[in-house]
> 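Below is one structure. I have some questions about it.
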Amino acid sequence: MVRVRYAPSPTGSPHVGNIRTALFNWLFARAQGGKFIVRIEDTDRNRFVPGSEEDILLALRWLELDWDEGPEVGGPYSPYKQSERAELYRETAHRLVDEGKAYKCFCASERLAEMRKEQEAAKTAIGYDRRCRRMSKEEAAAREANGEAYVIRFAMPLEGVTSYYDLVHKKEVEFKNVLTDDFVMLKSDGFPTYHLANIVDDHLMEITHVMRADEWMSSMPRHVQLYRALGWEPPKFAHLPLLMGPDGQKLSKRHGTVQFTEFIGEGYLPDAMFNFLALCGWSPGDDREIMSREEILSLFSLDRILDRPAVFHHDKLKWMNGHYIREMSLEQYMAATLPYLQKEGVLPAELNAETRAYAERVLPLEQEKLRLLGEITELTRFFFEEPKSFDEKAVAKWFGETHISQMLDALIQRFNALENFTPEETERVIREVIAWLGVPNGHVIHPTRVALSGRATGPSLFDMIAALGKERVVRRLEKAKQMVRV
RNA sequence: GGCCCCAUGGUCUAGCGGUUCAGGACGUCUGGUUUUCAGCCAGAAGAUCGCGGGUUCGAAUCCCGCUGGGGUCACCA
């Protein structure tokens with residue numbers, strides 16, 4: 001049975017790249033009928049950011065990536081938070097020391113920093129010089145008894161190579177052991193580093209496949225050697241291609257929106273994000289791009305995961321989101337957009353039947369135009385509030401024309417007399433006025449749009465007028481008359 | 001700098017030795033629909049498949065070298 005895990009560190013709000021990794025793990029688990037486990041790797045007490053664990057779980061829930069074991073749901077390998085498993089790692093580290101496969105290191109951080117500086121200057125950079133590895137057991141015991149702080153380092157083999165087969169790269173990746181230094185497994189505060197905790201937990205939780213970002217590839221020799229030293233069988237490894245920014249560097253905050261919660265706030269749809277993220281580093285093998293969850297799930301396979309990094313294309317995500325918005329039913333669309341108007345105070349938190357009906361007439365008029373749900377507010381605000389400002393260019397262009405006063409008067413009079421405020425009827429009225437004035441269509445249509453909405457662009461004018469209703473239309477036209485006089 | 005990974009139009013991607021000297025999508029541009037924007041429809045521009053060698057009757061597809069890009073070198077994950 002396939003068991004995969006998503007093991008985020010609560011050191012900040014999750015990044016799209018992190019969630020992409022979660023998605024791939026989830027897809028693989030579900031496609032294989034396996035288990036998807038979430039494990040919180042909170043072993044760094046300094047970088048812990050309150051609330052980030054909540055954000056991570058929120059992102060997973062939002063994408064509907066349900067986990068079989070982990071926070072909130074528990075499971076047979078509890079706990080799923082590393083800070084609650086600290087004793088396990090400590091025991092493991094000391095066991096390795098006892099077996100001579102790891103050792104206590106008393107080197108001060110100042111010395112290490114100095115050494116790093118020298119190595120950097122000499123362009124050699126080989127890491128820790130293994131000074132304490134040569135220390136006698138007696139000296140180590142004495143220094144420990146003396147109360148000196150120490151870390152536990154893994155004793156890497158001094159010769160030979162370490163290799164592993166990568167399921168994504170489809171090849172054996174090899175590293176020379178001498179080039180990997182004796183890394184710290186257990187910090188002086190008694191907490192494990194990623195390398196130790198991750199291996200211990202993956203083994204104990206019976207993880208079968210480790211899928212994580214490419215940036216981890218270079219620590220493979222450490223991990224493989226650790227498994228060996230512990231006498232454990234390593235899981236299979238799949239390193240996912242990195243997501244890059246437009247400049248080709250690893251995607252980060254510098255590239256604009258990358259935090260997952262921000263994407264949620266801007267108005268992306270879960271299905272669109274799911275679809276897009278699935279395509280970040282994976283391809284179904286044909287020309288398909290718009291795919292439902294079910295379709296993706298049925299097509300997903302490890303060997304179609306790409307092995308090259310890809311630029312995270314924001315524009316394409318937006319395009320895709322727009323596509324998904326256009327496909328929503330009225331109910332879905334209303335449920336998705338209303339909260340944005342309410343959040344901005346354009347609409348009250350509680351809608352009465354009349355307002356709700358009005359919103360249902362109005363909001364769909366811009367459905368085809370939306371790329372982000374959040375855009376709905378500025379696009380439709382004028383339907384709910386009298387326009388406070390008017391597009392200056394449009395006003396300058398149209399309100400100066402000589403026929404405007406006449407036009408407004410005619411429209412006011414005719415709309416006042418109109419019984420059925422339907423798109424067809426309002427169009428008839430507009431056409432009549434155009435004919436009567438003897439001007440090109442645009443010379444009535446454009447100024448009327450500006451008068452009613454304050455904007456130069458918007459939904460079809462006839463639909464807009466019908467949706468606004470007689471009362472608002474007449475009131476706004478009257479108001480426009482004042483503007484023209486001034 | 002060492003080590004590791006990668007290399008098809010601006011971007012993502014199909015292609016896995018011949019019927020593809022390259023298909024699709026985003027973006028860009030043009031035209032159409034139309035009262036605007038968007039959408040939709042039609043079309044266009046844009047890649048000597050990073051470069052150089054091989055292997056082969058034949059390579060974007062296999063091999064080698066080079067170049068370029070990226071990742072990683074913490075008591076962070």
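Each chain gets a letter, A, B and so on, in the order its sequence line appears, and its residues count up from 1.
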> If you measure from the P atom in B:rG46 to the same atom in B:rC63, how many Å do you get, rounded?
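Roughly 32 Å separates the two P atoms.
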
> Any strand counts, and the cut-off is 3.5 Å on both contacts for Watson-Crick or G-U wobble. Which nucleotide pairs with B:rG46?
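Its partner is none (no Watson-Crick or G-U wobble pair with both distances under 3.5 Å).
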
> Listed by chain and number, what are the ring-ring contact (aromatic ring centres under 6.0 Å, His included) partners of A:His446, not counting sequence neighbours?
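Scan of A:His446 (ring-ring contact (aromatic ring centres under 6.0 Å, His included), adjacent residues dropped) gives A:Trp398.
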
> Could you work out, with side-chain contact (heavy atoms from CB on, under 4.5 Å) as the rule, every residue matching A:Glu54, not counting sequence neighbours?
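If we apply the side-chain contact (heavy atoms from CB on, under 4.5 Å) test to A:Glu54, skipping adjacent residues, there are no hits.
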
> With sequence neighbours left out, what residues match A:Tyr89 under ring-ring contact (aromatic ring centres under 6.0 Å, His included)?
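Applying ring-ring contact (aromatic ring centres under 6.0 Å, His included) to A:Tyr89 gives none.
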
> Under a 3.5 Å limit for both distances, which nucleotide forms a Watson-Crick or G-U wobble pair with B:rU19, could you say?
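In the structure as shown, B:rU19 has no Watson-Crick or wobble partner.
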
> Could you pull out every donor-acceptor pair under 3.5 Å between side chains of residues 110-117 of chain A and any protein atom, sequence neighbours left out?
unit_1: A:Arg111; atom_1: NH1; unit_2: A:Asp129; atom_2: OD2; d: 3.3
unit_1: A:Arg111; atom_1: NH2; unit_2: A:Asp129; atom_2: OD1; d: 2.8
unit_1: A:Arg111; atom_1: NH2; unit_2: A:Asp129; atom_2: OD2; d: 3.0

> Test of understanding: with side-chain contact (heavy atoms from CB on, under 4.5 Å), list the residues that count as partners of A:Thr457, not counting sequence neighbours.
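side-chain contact (heavy atoms from CB on, under 4.5 Å) check on A:Thr457 returns A:Arg455.
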
> Enumerate the residue pairs fulfilling salt bridge (charged side-chain N to carboxylate O under 4.0 Å, His left out) with a member in residues 284-293 of chain A, sequence neighbours excluded, ordered by first and then second residue.
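As it turns out, the salt bridge (charged side-chain N to carboxylate O under 4.0 Å, His left out) pairs with a partner in residues 284-293 of chain A, which skip direct neighbours, are A:Asp271-A:Arg293, A:Asp286-A:Arg288, A:Arg288-A:Glu295, A:Glu289-A:Lys316.
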
> Taking a pair as Watson-Crick or G-U wobble with both distances under 3.5 Å, which nucleotide is matched to B:rA59?
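Across any shown strand, B:rA59 pairs with none.
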
> Ignoring hydrogens and angles, are the base of B:rC75 and the side chain of A:Ser188 linked by a donor-acceptor pair under 3.5 Å?
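Check passes, donor-acceptor contact within cut-off.
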
> Return a table of donor-acceptor pairs under 3.5 angstrom between the side chains of residues 152-164 of chain A and protein atoms on other chains or two or more places apart.
unit_1: A:Arg153; atom_1: NH1; unit_2: A:Asp182; atom_2: O; d: 2.8
unit_1: A:Thr162; atom_1: OG1; unit_2: A:Asn177; atom_2: ND2; d: 2.4
unit_1: A:Thr162; atom_1: OG1; unit_2: A:Gln225; atom_2: OE1; d: 2.8
unit_1: A:Ser163; atom_1: OG; unit_2: A:Glu172; atom_2: OE2; d: 3.1
unit_1: A:Tyr164; atom_1: OH; unit_2: A:Asp166; atom_2: OD2; d: 2.7
unit_1: A:Tyr164; atom_1: OH; unit_2: A:His239; atom_2: ND1; d: 3.0

> For B:rU33, give its Watson-Crick or G-U wobble partner with both distances under 3.5 Å, or none.
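B:rG39 - that is the nucleotide pairing with B:rU33, both distances being under 3.5 Å.
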
> Mind checking the C1' distance from B:rC21 to B:rU33? Whole angstroms is fine.
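Approximately 38 Å lies between the C1' atom of B:rC21 and that of B:rU33.
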
> Identify the nucleotide, in any strand shown, that forms a Watson-Crick or G-U wobble pair with B:rA7, with both distances under 3.5 Å; if there is none, say none.
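Answer to the pairing question: B:rU67, which forms a Watson-Crick or G-U pair with B:rA7.
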
> Along nucleotides 25-33 of chain B, 5' to 3', which nucleotides get a B, which get an S, and which get a -, given that the test is a protein heavy-atom distance under 4.0 Å?
BBS------

> So which of residues 278-286 of chain A are in contact with RNA chain B, with a heavy-atom cut-off of under 4.0 Å?
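A:Ser283, A:Gly285 - these, ordered by number, are the residues of the stretch whose heavy atoms sit under 4.0 Å from the strand.
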
> By ring-ring contact (aromatic ring centres under 6.0 Å, His included), which residues pair with A:His203, not counting sequence neighbours?
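Here the qualifying residues are A:Trp232.
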
> Any base atoms under 4.0 Å from A:Arg222, or only sugar-phosphate, or nothing? Heavy atoms, all strands.
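The residue A:Arg222 makes no contact with any strand.
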
> With respect to the phosphate group of B:rA74, does any side-chain polar atom (N or O) of A:Lys187 fall under 4.0 Å of OP1 or OP2?
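For B:rA74, neither OP1 nor OP2 has a side-chain N or O of A:Lys187 closer than 4.0 Å.
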
> Quick one: ring-ring contact (aromatic ring centres under 6.0 Å, His included) partners of A:Phe300, sequence neighbours excluded?
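If we apply the ring-ring contact (aromatic ring centres under 6.0 Å, His included) test to A:Phe300, skipping adjacent residues, the hits are A:Phe24, A:Trp282.
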
> Among residues 49-56 of chain A, which residues get a heavy atom nearer than 4.0 Å to RNA chain B?
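Within this stretch, nothing sits under 4.0 Å of the strand.
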
